[in-house]
Amino acid sequence: VGQGLVRILRDRKPFPFALVAVSDPAKGSLADPEGLDPDALLRTVSDSGRIDSLAAPFRGWEATQTIAESGANVVVEMSPTDLTTGEPATGHLRHAIEMGLDVVTTNKGPLALHYRELTDLAQSRDVLVGMEGTVLSGTPVLAFGRELLKAAGIRSISGILNGTTNYILSRMEAGAEYAEALSEAQRKGYAEADPRGDVEGSDAAAKVAILANHLLGADLRLGDVEREGIAGIARAEIENARAAGKRIKLVGRLETENEGLRASVRPAHVPLDHPLASVGGVSNALTFETEILGEVTVSGPGAGRMETGYAVVSDLLSILRERGGRRR
Ligand SMILES: NC(=O)c1ccc[n+]([C@@H]2O[C@H](COP(=O)([O-])OP(=O)(O)OC[C@H]3O[C@@H](n4cnc5c(N)ncnc54)[C@H](OP(=O)(O)O)[C@@H]3O)[C@@H](O)[C@H]2O)c1
């Protein structure tokens, strides 16, 4: 995702910037207050898998030192997701926010586990937090829901939030058995070697928690989301649903009821004429049910380096807009 981001910055130059540091434990770390050359970084990492053959005044800083000493005014956190501890990303974000630096992250862990703590801390330090890439990668559902549907009265949100499980279900509908569809998803690089986070629904549940917190003002953690995965679904069930004019989808759902909020991820029988039914393969989609507009559906990619890198760019553009184009 970091490379996708740098490629977009290099090729599209969406705003003036200086990339003052990159920190990665395996690929190396460089810092230069004058700005590193995005093209040289991309070429070097593609040729050698590392960046530290490039010249730079500061080298070898791990993440904490990079946050403290690089002089950046925005920190972009893209380390691997850990949905149990939220680390190391939560520590990185907390550190940057405490220093008064605006942050952008694509990492679900910190926000599915510590949303309120991090956003309260950010508010107390007048820090902006961008998180568009955590749900549907670059498909802009968070900004859309939070800004454009703010006054429409969101009653419920339902979505296909995990591309791997949607791919498996689509392949099963086309005749594959579950195990066959899963290993095909692994061969194509959609599913991890350990696919439990996807097929047991925790990846989707993390996104449901983020949607609840960011769009509906809730204080949910991943563990508050009721969850059932797709491993128990037999092909016969998919065929029976089809005969009844439905399609089985793994649906993440948020429903406002009375004063409360119900949050779940589970296989659902979606009528064929509903927009979510036509979302096939690794695509993702989200349907907002609103008081004024009725249903509004956004669909698009839910993963990918460039797609998620684009989410970071859109967050950086929002930060620039919010800060009036000025450095803090
Ligand atoms: N790829 C997608 O489609 C997508 C979509 C939405 C959200 N995301 C999220 O975006 C993040 C990045 O995804 P990715 O696909 O780029 O993952 P990735 O290929 O695993 O990249 C993560 C990078 O972070 C580095 N890293 C690990 N620990 C670190 C630390 N302590 N400090 C600094 N860097 C550290 C890793 O270095 P090593 O090589 O040493 O491990 C690796 O280069 C993840 O949280 C992911 O869940 C990804």
Side-chain angles (χ1 to χ4, degrees), residues 1-8 21-31 41-42 44-46 48-52 59-70 72 75-96 103-114 130-142 159-167 185 188-195 197-198 202-207 209-211 222 281-284 286 300-315:
V1 172
Q3 291 172 52
L5 165 64
V6 174
R7 191 163 301 157
I8 298 169
V22 177
S23 176
D24 186 293
K27 299 179 189 73
S29 302
L30 300 172
L41 285 167
L42 289 168
T44 310
V45 78
S46 133
S48 66
R50 303 187 59 90
I51 57 170
D52 44 9
R59 330 170 53 78
W61 289 354
E62 41 71 67
T64 310
Q65 190 174 6
T66 303
I67 293 165
E69 298 184 30
S70 65
V75 171
V76 183
E77 215 296 334
M78 299 166 287
S79 69
T81 291
D82 182 325
L83 290 179
T84 309
T85 65
E87 298 298 348
T90 305
H92 296 160
L93 293 174
R94 210 182 271 127
H95 181 190
V103 293
V104 174
T105 188
T106 59
N107 192 320
K108 292 167 285 286
L111 299 164
L113 299 168
H114 309 289
M131 60 188 82
E132 190 62 65
T134 59
V135 184
L136 264 71
S137 70
T139 309
V141 286
L142 292 183
I160 294 172
L161 299 167
N162 180 273
T164 307
T165 45
N166 203 50
Y167 177 83
K188 291 192 169 220
Y190 301 146
E192 303 285 333
D194 177 357
D198 291 323
S202 44
D203 174 74
K207 293 166 184 165
I210 296 170
L211 286 164
L222 172 58
V282 291
S283 295
N284 282 194
L286 207 59
R305 280 179 167 188
M306 293 293 279
E307 293 83 346
T308 314
Y310 180 74
V312 175
V313 171
S314 71
D315 281 335

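Sequential numbering from 1 along the given sequence is applied to the chain's residues. Every number for a ligand or one of its atoms is a count from 1 in the order of the listing.
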If you count every heavy atom of other residues, nucleotides or ligands that lies below 6.0 Å from Glu192 atom CD, does the total exceed 12?
no

Trace of the salt bridge (Lys or Arg N to Asp or Glu O under 4.0 Å) decision for Asp203 with Lys108:
CA-CA 8 Å; Asp203 174 74; Lys108 292 167 285 286; 3.5 Å; yes

Residue by residue, ordered by chain and number, which ones reach under 4.0 Å of ligand 1 with a heavy atom?
Val1, Ser23, Asp24, Pro25, Ala26, Lys27, Ala63, Met78, Ser79, Pro80, Thr81, Pro88, His92, Thr106, Asn107, Lys108, Gly133, Ala303, Gly304, Thr308

Does any part of the side chain of [Y], heavy atoms only, come nearer than 4.5 Å to the side chain of [X], both counted from C-beta?
X      : Y      : value
Asn284 : Thr139 : no
Thr105 : Leu93  : yes
Asp82  : Glu87  : no

Note: Ser79 and His92 closest approach over all heavy atoms is OG-ND1, 4.4 Å

